[in-house]
Structures are given as C-alpha cells and as structure tokens.
Amino acid sequence: MMALPPEPTPTLQQLLAFYLEAGVDCALGDEPINRLEEAEPVPALAAPRPVALNPLRPPPIPAVPRSEITVAPDAAIASAREAARTAATLEALRTLMETFDGCALKHTATRLVFADGNPEARVMFVGEAPGRDEDIEGLPFVGRSGKLLDRMIAAIGLDRSKAYIANVIPWRPPGNRTPTPQETQVCLPFIQRHIELVNPDVLVTLGNPSTQALLGTREGIMRTRGKWIDYDTGTRTIRAVATFHPAYLLRSPSYKRLSWQDLRAIAKVLQPAS
C-alpha cells in the first residue's frame, strides 16, 4: 500500500482564520499553557486559623459575578412576557430589553443588538442571534452573512431602507455558540412583541432556529423553506415564509439557487396589487 504524504503544517495565518471561523475571538491569558505537561506538586498549606465570628453580625456573603446570577427559567420567561406586553412602542421595547436581567447572555455580550432598517417597511427579516461583528457594532447582520443578506435583498430591489431586520436572540452567545432552548424561550416574547409593533406585511425567518421558534414547527429548514404560513401577531395575521440563513449559504453555496426561488416568491408577494 502506498504511504500517503504527510499533511502540510498549517501556517499561523491559517490557524487564526480557523479559530476566528469557529468563534474563538479572544485569548484567555497572555501566556500559552501546555496542558499536557505534568503539574508540579503543590506544597501543603498550613491549616487556616479559625476566625472568631461576632454573634451580632452575620457572616459575609461572597460576591457573585453578574454573569453567574441566574433567574429561575419559569420566572424569567414569565417576566419577559409581562415586560414585552407593556411595550407600546419600539423605543419602549428597546428600553425594556436593555434593563431586562432575566437572560444571562446579557451579562456576557457587549451590547444589545436590537434591530436595523426601516420599521415602516413591509417586510421583516428575523435571524437567530448576533455574532462577533454584530456584538461590536450593535446592529444585526453586519458581518459576512450580513453582507450576503444585503446582496440577496438587493437582487429583488430591497435595501435596509426598505426592509427591517432583527434576531430572535438580541445578545451574542459567548463564542457564537448555539443559544440554549431556555435562552430562546426567555427572549421569544420580546421578538414576538417586536414583530407585532412593526406589523409587516411579510415575515421572513432566516434559518432553522428562528423558523422553529417563531413558526412553531419542528421540521428542518429543507422542508419548511419556501412554504407560506399564516403568522398570528395577536392583532393581525400576516404571511410568513422561511428561507436559508446567509451564514448557511456561505458554507453551502449550492443552496443559493433555492434561496433565489424563495426571494422571488417574496418579491412577488410584495408587489403592489394592480
């Protein structure tokens, strides 16, 4: 059997590009750590001297970092529903979300990523969650997938002055990880109220997570994309359709043809009645 030639060692630039694509965008320390090296034995510490407690003063409670403060899931979801229900305007909704502490993602993200585009637009696009670039700028879809989304909607005569864009999750998950079901359920009342306040004629869910969260389906994006569904905002029924997330199209460009079919169907629905 012919021996296979050894794979070339990746360059530093290739390694950095791989880590960035995987969502690793920060170092945890200034010096590298060899985790395969045997640790030196740690000398035994002397037993601490007992501390006399003042019976009139309770013992101090250790401080807990804000990122580790959690709210019971059911209580957080109920709190989000009640807060979202009280928002009468988009500005009020944004203020409520900025002060809401029921989702731990808020304490690890840089900022709230609320929305972008024209709130008076007839079409609203909703993705899953912000990434690194969105977390820095505070706007949805501004990274690589955002640039592709801009080109996609431009192909049917739209831009951000004629469309409105948001995410189900308004805070970036650490390392671009997938949001947990609990995090999605806590944030769901806010995006539902968001859609109700914008009141578009057409709702477009981008990718599987946002489609399943908003359209109440457990089927994958291959089965749901391109199918028109009635979405009830609570005050009105609007037309909704799912299509591929631009990030997925960057990884699987062969599906751009199907995405183009979805975009043409959206453009047809948005055409004014003659």
Side-chain angles (χ1 to χ4, degrees), residues 21-23 105 113 115-117 121-134 140-156 158 163-173 175-192 194-195 198 200-233 237-270:
E21 185 70 22
L105 293 177
V113 179
D116 192 22
R122 296 181 58 210
V123 58
M124 180 175 181
F125 295 87
V126 180
E128 180 185 18
R132 176 178 177 272
D133 295 314
E134 290 77 13
F141 286 92
V142 293
R144 289 182 62 213
S145 62
K147 290 179 174 60
L148 177 56
L149 178 61
D150 287 342
R151 294 196 297 270
M152 290 166 60
I153 65 176
I156 57 172
L158 298 176
Y164 192 72
I165 306 170
N167 283 305
V168 173
I169 308 291
W171 297 285
R172 180 204 182 195
N176 289 356
R177 66 163 173 77
T178 301
T180 65
Q182 176 188 329
E183 290 163 349
T184 299
Q185 289 302 310
V186 170
C187 296
L188 190 57
F190 292 118
I191 188 61
Q192 289 173 332
H194 204 151
I195 296 169
V198 174
D201 292 333
V202 174
L203 172 67
V204 183
T205 56
L206 299 170
N208 207 45
S210 62
T211 298
Q212 292 187 345
L214 290 173
L215 303 187
T217 178
R218 298 271 67 87
E219 292 186 330
I221 191 65
M222 291 296 181
R223 288 182 174 270
T224 54
R225 57 146 291 272
K227 297 179 181 178
W228 290 97
I229 301 172
D230 287 339
Y231 178 84
D232 186 3
T233 66
T237 298
I238 61 178
R239 303 190 69 180
V241 67
T243 191
F244 298 109
H245 194 287
Y248 180 77
L249 296 177
L250 288 172
R251 299 191 300 269
S252 306
S254 61
Y255 290 104
K256 288 182 179 180
R257 178 180 58 84
L258 296 177
S259 180
W260 171 238
Q261 294 177 4
D262 299 338
L263 289 169
R264 290 178 61 187
I266 293 167
K268 185 176 181 179
V269 171
L270 291 173

Test log, rule side chain to side chain contact (heavy atoms under 4.5 Å, CB included), inputs Asn208 and Tyr248: CA-CA 10 Å; Asn208 207 45; Tyr248 180 77; over 6 Å; no

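- Here the OG1 atom belonging to Thr243 is positioned 9.5 Å from the CD atom belonging to Gln261, to the nearest 0.5 angstrom.
- Considering only heavy atoms from C-beta on, Asn167 stays 4.5 Å or farther from Glu134 through its side chain.
- His245 meets the ring pair (Phe, Tyr, Trp, His ring centres under 6.0 Å) test with Phe141; sequence neighbours excluded.
- Using a 4.5 Å cut-off on side-chain heavy atoms (C-beta onward), Glu128 and Thr178 make contact.
- The heavy-atom pair separating Leu105 from Arg177 by the smallest distance is CD2-NH2, 3.5 Å.
- Going from atom CD1 of Ile221 over to atom OG1 of Thr205 covers 6.0 Å, rounded to the nearest 0.5 Å.
- In terms of heavy-atom proximity, Arg225 sits nearest to Met222 at CG-O, 3.8 Å.
- Across all their heavy atoms, Trp171 and Cys187 have their closest contact at CZ3-SG, 4.0 Å.
- For the atom pair Leu203 CG and Leu215 CG, the distance stands at 6.5 Å (nearest 0.5 Å).
- Across every non-hydrogen atom of Leu214 and Gln192, the tightest pair is CD2-CG, 4.4 Å.
- Side-chain contact between Val241 and Val269 is absent, with no heavy atoms from C-beta onward closer than 4.5 Å.
- In this structure the side chain of Thr233 reaches within 4.5 angstrom of the side chain of Tyr231, judged on heavy atoms.
- Residue Pro130 comes nearest to Arg172 through the heavy atom pair O-CG, 3.5 Å, listed as atom of the first residue, atom of the second, then distance.
- Tyr164 OH to His194 NE2: the interatomic distance, rounded to the nearest 0.5 Å, is 3.0 Å.
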Side chain to side chain contact (heavy atoms under 4.5 Å, CB included) assessment of Leu270 paired with Leu158: CA-CA 11 Å; Leu270 291 173; Leu158 298 176; 4.2 Å; yes

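- A distance of 9.0 Å separates CG of Leu249 from OG of Ser254, quoted to the nearest 0.5 Å.
- Across Ile266 and Ile156, no two heavy atoms sit closer than the pair CG2-CD1, 4.5 Å.
- The shortest side-chain heavy-atom distance between Thr184 and Pro209 does not fall under the 4.5 Å cut-off.
- You'll find the side chain of Ile238 reaches within 4.5 Å of the side chain of Ile195, heavy atoms only.
- Sparse packing is recorded around OH of Tyr255, with 12 or fewer heavy atoms of other residues, nucleotides or ligands lying under 6.0 Å away.
- Thr224 places no side-chain N or O within 3.5 Å of a backbone atom of Glu219 that could act as its donor or acceptor partner.
- To the nearest 0.5 Å, atom CG of residue Leu206 and atom CD1 of residue Ile165 are 8.5 Å apart.
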